[in-house]
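All remarks here apply to the structure that follows.
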Amino acid sequence: MAKNGVFAMALQQLDSAAKRLKVDESWLTVLRHPERELTVSCPVEMDDGSIHVFTGHRVQHSSARGPCKGGIRFHPSVTLDEVKALSMWMTWKCAVVKIPYGGAKGGIQVDVTKLSTPEIRRLTRRYTAAIMPIIGPRRDIPAPDVNTNSETMGWIMDTVSMLQGSTVLDIVTGKAIDLGGSLGRREATGRGVMFNTLELLKRLDKTALETTVAVQGFGNVGSVSADLLQKQGCKIVAVSDLSGAYYNPDGLPISEMIDYCLKSPNHYLQGFDSGGISRISNKELLELDVDVLVPAALEKQITEDNVENIRARAIVEGANGPTTPDAEKILVGKGKYVVPDILANSGGVVVSYFEWVQSIQAFFWDEDAVNRNLERVMIESFADVWNLAQKKKVDLRNAAMMIAVDRVANALAERGIFP
Ligand code: GLU
């Protein structure tokens, strides 16, 4: 285990919640170990005829509460340590919102900007074939994550279907609507971030209209969060992507920026201008004096190195693992709120669950039904976490983790140890 790796950070969060729970140590020991870790080599024929071997992983942390569930990311920084942490966070995420899944995650170490679409497609198909022995609609159901989307899910679903000889709709979630995807799934993580932010603002006696927001990351999570929060009346003063950060104290034209990205190479904001915008660095964005900061990019963005400069009153974690435990202690000590990833960004997996249910039943809901059910789950889950935090005088992450770990440990205890 990498000493300062992301998995160490996930274990630190588990230990912190465990200290406050009356859970038998044996179950915690079980939960410190992912159930299954698979590393695969994926040889791919590149467009120029050469062969390149990519490394991928799929980790199943826990199936105590149901089939494992979690996304697949394509990123140069993917490691087994990271995928293990992300799979553990999926276990807690599914438990805190009470959907009947365990946690998993997958990833391939690859810079997708250097590959053509056919190369990415061949890589996805080869990786799918390699992890096929351990995935399945009742075993482990992948979904999109960083740099993967409905197109990627379509390739995975087709690969499994071809190898199996029949169409398997419930093998992945986050599929295109024409392939049995769910209405509202693409926006679900950002919509969940929006609901969580509104619930927090209510508790702080603040309205959306008097709230300023900065969003780090303008991918599926960041862009939709910014858009929906703006539609609720918040002022989005800054957003960023790999091309840098864009700042306007009077508010940014988010829908225009989303349209711009759709048409630009690699879907970046590079070159966007609409007057009144100044360019700032990603570091400056994180340190802006705003009411709410939504880190919606990668892990470890708020660390001991920059935490003293963070001026946002609240942090709503759109990404998984953006705040290190040591940094979080300092934020909480200053009276700031951190809505933890396992709650803040759980909207995606909640609607993944709705999609899976629809795929199994081959009966599809209208978008309003999806969004209403998501809103209900988010409001109830936020209230559970907030109320426990008040009752036990702990921060929101410890409260969310206490609820989640307790549920998973109870499931383990009720099942007992095999054989
Ligand atoms: N990748 C998303 C997450 O981190 C969604 C997972 C899913 O829908 O299974 O929560």
Side-chain angles (χ1 to χ4, degrees), residues 6 10 57-63 65-75 78 82-97 99-108 131 135-150 152-153 156-157 170-176 180-193 195-196 217 219-222 224-225 294-299 316-322 339-359 370 373-374 377-378 381 400 404:
V6 205
H57 311 279
R58 183 77 185 169
V59 177
Q60 298 168 343
H61 170 258
S62 169
S63 59
R65 298 183 60 261
C68 297
K69 186 83 188 81
I72 290 173
R73 66 172 54 180
F74 291 173
H75 198 272
V78 164
E82 182 197 35
V83 178
K84 279 165 67 175
L86 290 160
S87 73
M88 183 185 268
W89 288 329
M90 285 309 302
T91 302
W92 313 140
K93 198 182 294 187
C94 295
V96 83
V97 294
I99 54 176
Y101 286 138
K105 201 79 172 201
I108 303 178
I131 64 165
I135 60 170
R138 295 290 182 278
R139 269 191 187 163
D140 179 358
I141 307 120
D145 198 78
V146 176
N147 291 326
T148 55
N149 53 24
S150 58
T152 329
M153 296 307 115
I156 296 178
M157 181 266 204
D170 45 0
I171 178 68
V172 283
T173 59
K175 306 179 289 290
S182 175
L183 293 166
R185 173 62 185 87
R186 193 185 62 77
E187 301 83 3
T189 311
R191 188 172 293 276
V193 167
F195 287 135
N196 274 284
N220 179 250
V221 181
V224 177
S225 304
V294 179
L298 293 171
E299 301 92 65
V316 181
E317 295 186 330
N320 293 309
V339 183
D341 44 11
I342 58 170
L343 174 66
N345 71 37
S346 62
V349 75
V350 169
V351 176
S352 273
Y353 168 57
F354 298 158
E355 176 176 337
W356 184 69
V357 168
Q358 294 171 75
S359 286
V370 173
N373 278 294
L374 172 62
V377 174
M378 292 288 90
S381 307

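Numbering of ligands and ligand atoms starts at 1, following listing order.
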May I ask you to check whether R185 and S352 show a side-chain donor-acceptor distance below 3.5 Å?
yes
Are the side chains of P340 and W92 in contact, using a 4.5 Å heavy-atom criterion?
no
Going by ring-ring contact (aromatic ring centres under 6.0 Å, His included), name the residues that satisfy it together with F74, two or more places apart in sequence or in a different chain.
none
Value for CD (E355) from CG (L183), rounded to nearest 0.5 Å, stands at 10.0 Å
I'd like the atom pairs linking ligand 1 to the protein - N or O on both sides, separation under 3.5 Å - with distances to 0.1 Å.
residue	atom	partner	partner atom	Å
ligand 1	1 (N)	P144	O	2.9
ligand 1	1 (N)	D145	OD1	2.7
ligand 1	4 (O)	K93	NZ	3.1
ligand 1	4 (O)	K105	NZ	3.0
ligand 1	4 (O)	D145	OD1	3.4
ligand 1	4 (O)	N320	ND2	3.1
ligand 1	8 (O)	R185	NH2	3.1
ligand 1	8 (O)	S352	OG	2.5
ligand 1	9 (O)	K69	NZ	2.8
ligand 1	10 (O)	K93	NZ	2.7

If only side-chain N and O atoms count, and only distance matters, is there a donor-acceptor pair under 3.5 Å linking N220 with N149?
no
What do the steps show when you test N320 against R73 for side chain to side chain contact (heavy atoms under 4.5 Å, CB included), and what is the final call?
CA-CA 12 Å; N320 293 309; R73 66 172 54 180; 4.3 Å; yes
